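Quick notes on the structure that follows.
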Amino acid sequence: MPKLPEDFIKKYTKLLGKQKADQLFNAISENSKNAYRINSLKEKQTLSYAQSEKIPLIPDAYYGKISGKDPEWVSGTVYSQEPAAMFPAFFLDAQPGEKILDLCAAPGGKSTEIGAQLKGQGFLLANEISLSRAKILRENLERWGVTNALITSEKPEKLSKYFSQYFDKILVDAPCSGEGMFRKDPQAIEYWSQDYVIFCQQRQKEILSAAVQMLKPGGELIYSTCTFAPEENEQIVSWLTKTFGFTIMPLKINEQYIDHGHPEWSDNNIDLVKTARFWPTANIGEGQYVAKLRLDEKIKDQTTSTSKRSKHRKKPRNALTKSDIHLIANVLDNFKLLPEIENWQVNCQVHNNHVFIPAINTNSDTHLKILANGVELGILKKNRFEPGHQLAMVLAGRKQNRVVDLSSNNYLKYLHGETIKTDSDINGFILVSFKNFILGFGKISNHIIKNYYPKGLRI
Ligand SMILES: C[S@@+](CC[C@H](N)C(=O)[O-])C[C@H]1O[C@@H](n2cnc3c(N)ncnc32)[C@H](O)[C@@H]1O
């Protein structure tokens with residue numbers, strides 16, 4: 001690991017005192033902690049992991065390392081996540097039916113959890129400014145089986161034009177100087193300087209200024225970073241309260257693991273003790289800061305009437321023909337559908353032959369970079385319907401009968417995209433599983449499973 005920068009050592013020795021600062025520097029030289037969360041959207045399966053050490057407070061989360069080749073991961077049953085990073089979504093506590101924005105969402109650690117909390121009811125907008133990272137976000141949300149997310153790759157200011165005062169809760173898991181990740185990602189040490197901390201602070205203010213425009217009066221903002229820097233933590237929260245009329249809300253802080261925010265590192269606002277700090281010395285995981293703020297109910301609507309007339313309200317025409325419905329039903333009727341997709345005949349739309357149930361209605365003049373909207377059921381081809389991978393991931397939320405479970409050998413063949421021999425007498429589309437974890441679709445004809453595992457995911 002690279003040496004800690006002199007300015008970093010001086011800064012934290014001054015803030016924490018020599019003894020606590022030395023403990024922090026020692027903790028940074030130790031190994032980082034691995035953990036995973038279990039997906040409550042999927043049918044319960046027996047995992048091959050020990051599940052012996054639980055993450056405090058977080059439901060269904062354990063210490064332990066998982067591999068991207070495990071069927072648990074391929075099927076979206078578990079998500080590997082740094083333990084302290086599980087807390088922002090835990091504190092957000094989305095309720096089914098709410099409208100939630102995750103503004104800086106990739107790769108999706110928090111969006112996947114928010115998707116699970118919503119239980120398919122309500123709406124999640126998962127946005128990531130970087131297109132390459134947004135594609136990974138889409139893969140992760142698809143694997144997780146989330147049905148009600150719109151995934152975009154936009155600048156926060158642009159989103160705010162479409163979603164004025166729209167959301168009940170917004171998570172800003174901000175890009176930051178990453179001091180809390182030094183031991184997990186030593187590159188962050190090389191990148192660090194006090195100037196960089198100030199640059200990040202400025203960027204956080206810009207992102208948050210756009211986020212506030214999208215929050216309903218009385219709505220909640222969760223702000224989090226993975227840095228220790230007060231400039232990006234308590235000082236940002238003080239700026240939010242003074243600039244926009246926010247109240248700092250208490251968080252469930254168990255002082256055994258979680259420190260409180262430090263008023264003396266900002267403007268002495270005593271309410272900053274209600275915010276949460278995670279230090280690697282406290283043994284949960286890496287560094288993290290989380291604050292929950294409520295926007296004043298009486299906040300004035302400063303948006304123009306044009307931007308309030310959002311472009312996502314009008315319901316476009318359902319373009320399915322009778323014969324399309326017949327083709328789709330021929331496939332879907334073989335599976336047990338979840339309540340969110342049961343009424344597909346009424347709710348679905350077709351775009352370039354892709355059949356999907358949108359999370360939100362958008363018009364053709366919505367100029368947002370949209371990577372996914374709701375659930376893609378599949379593609380209409382000439383005289384047939386081919387179910388999509390996302391549908392398989394969603395169907396894993398219920399016990400299915402039309403499933404072929406593979407051997408270890410055939411599991412790898414499936415992930416490679418090969419065809420597989422089977423004893424099954426079924427013909428047509430089936431779900432393919434390994435150790436009962438649903439991996440994707442296959443289509444059987446004469447005891448051969450044609451592989452429908454997406455090309456982009458094959459190993
Ligand atoms: C801490 S990461 C988010 C991690 C994510 N929430 C998760 O749990 O997987 C911060 C994200 O903010 C994005 N970002 C960078 N600059 C941004 C900006 N100006 N506006 C919005 N997002 C930005 C980064 O690309 C990065 O993916």
Side-chain angles (χ1 to χ4, degrees), residues 34-37 39 55 58 61 73 76 78-92 94 100-117 124-144 146 149 151-163 169-182 184-185 187-188 191 196-197 199-214 221-229 232-233 236 278 285-291 368-369 371:
N34 298 302
Y36 62 91
R37 274 185 296 109
N39 187 353
I55 313 292
I58 308 286
W73 189 83
V78 297
Y79 190 96
S80 169
Q81 191 174 28
E82 191 284 299
M86 295 179 184
F87 283 82
F90 170 71
F91 289 137
L92 182 134
I100 313 284
L101 166 62
D102 184 359
L103 188 53
C104 310
K110 283 122 201 147
S111 275
T112 48
E113 175 52 23
I114 294 167
Q117 290 171 356
L124 168 65
L125 170 52
N127 178 68
E128 167 56 45
I129 196 167
S130 145
L131 185 59
S132 56
R133 287 173 64 79
K135 288 178 181 164
I136 299 168
L137 171 68
R138 181 189 55 198
E139 276 177 17
N140 283 331
L141 281 170
E142 176 178 281
R143 193 180 289 113
W144 205 246
V146 175
I151 304 172
T152 57
S153 179
E154 282 299 346
K155 287 188 178 153
E157 309 85 81
K158 185 158 173 198
L159 278 184
S160 70
K161 305 274 184 303
Y162 287 85
F163 292 97
K169 291 175 182 167
I170 296 182
L171 172 64
V172 174
D173 186 34
C176 68
S177 58
E179 295 168 359
M181 288 292 134
F182 277 0
K184 194 167 185 245
D185 173 19
Q187 261 192 341
Y191 221 82
Y196 186 51
V197 168
F199 166 81
C200 290
Q201 182 192 54
Q202 191 48 41
R203 183 169 56 184
Q204 287 148 0
K205 286 183 178 175
E206 285 165 18
I207 296 171
L208 286 162
S209 299
V212 175
Q213 304 299 317
M214 294 185 265
L221 172 71
I222 298 283
Y223 174 70
S224 57
T225 72
C226 59
T227 197
F228 308 124
E232 301 175 62
N233 295 333
I236 285 283
F278 296 74
E286 310 311 298
Q288 185 85 33
Y289 177 79
V290 192
L368 290 175
K369 237 179 271 156
L371 284 88

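Note that ligands are numbered from 1 as they come in the structure, with each ligand's atoms numbered from 1 the same way. Note that the coordinates shown come from a computational prediction; the quantities given were computed from them, not determined experimentally.
- With a 4.0 Å heavy-atom cut-off, ligand 1 is reached by no atom of C226.
- At least one N or O atom of G108 sits closer than 3.5 Å to an N or O atom of ligand 1.
- Between Y196 and F199, the angle of the ring planes stays under 30°, which puts this pair in the parallel group of the 30/60° scheme.
- Counting heavy atoms closer than 4.0 Å to ligand 1, residue R133 contributes side-chain atoms (C-beta onward) but none from N, CA, C or O.
- Residue, atom and distance of the protein heavy atom nearest to atom 14 (N) of ligand 1 are I129 CG2, 3.6 Å.
- Where the criterion is an N or O separation shorter than 3.5 Å, residue side chain and backbone included, K110 meets it with respect to ligand 1.
- Of the protein's non-hydrogen atoms, E128 OE2, 3.6 Å is the one closest to atom 24 (C) of ligand 1.
- For the residue pair N233/T225, the side-chain donor-acceptor check at 3.5 Å is satisfied.
- At most 12 heavy atoms of other shown residues, nucleotides or ligands fall within 6.0 angstrom of atom NZ in K135.
- At a 4.0 Å cut-off, not a single heavy atom of A85 sits close enough to ligand 1 to count as contact.
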Test side-chain contact (heavy atoms from CB on, under 4.5 Å) applied to N127 and I151, step by step: CA-CA 6 Å; N127 178 68; I151 304 172; over 6 Å; no

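- S224 and D173 form a side-chain donor-acceptor contact under 3.5 Å, judged by distance and modelled atom types alone.
- Among all protein heavy atoms, the one lying closest to atom 15 (C) of ligand 1 is P175 CG, 3.6 Å.
- Counting heavy atoms only, A106 comes closest to atom 4 (C) of ligand 1 of the residues A106, G109, G178, A174.
- Looking only at protein heavy atoms, the nearest one to atom 6 (N) of ligand 1 is D173 OD2, 2.7 Å.
- Counting only N and O atoms by type, the side chains of R37 and T112 include a donor and acceptor under 3.5 Å apart.
- When hydrogens are left out, the protein atom nearest atom 12 (O) of ligand 1 is C104 CB, 3.4 Å; that is the closest non-hydrogen contact.
- Not a single heavy atom of S111 sits less than 4.0 Å from an atom of ligand 1.
- At a heavy-atom cutoff of 4.0 Å, ligand 1 is contacted by the side chain of I207 but not by its backbone.
- The environment of Q187 atom CD is sparse: at most 12 non-hydrogen atoms of other residues, nucleotides or ligands sit within 6.0 angstrom.
- Nearest protein neighbour of atom 21 (C) of ligand 1, counting heavy atoms only, is P156 CG, 3.7 Å.
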Quick one: do F278 and Y289 satisfy ring pair (Phe, Tyr, Trp, His ring centres under 6.0 Å)? Show the steps, please. CA-CA 6 Å; F278 296 74; Y289 177 79; 9.3 Å; no

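- Heavy atoms of other residues, nucleotides or ligands lying less than 6.0 angstrom from NZ of K205 number more than 12.
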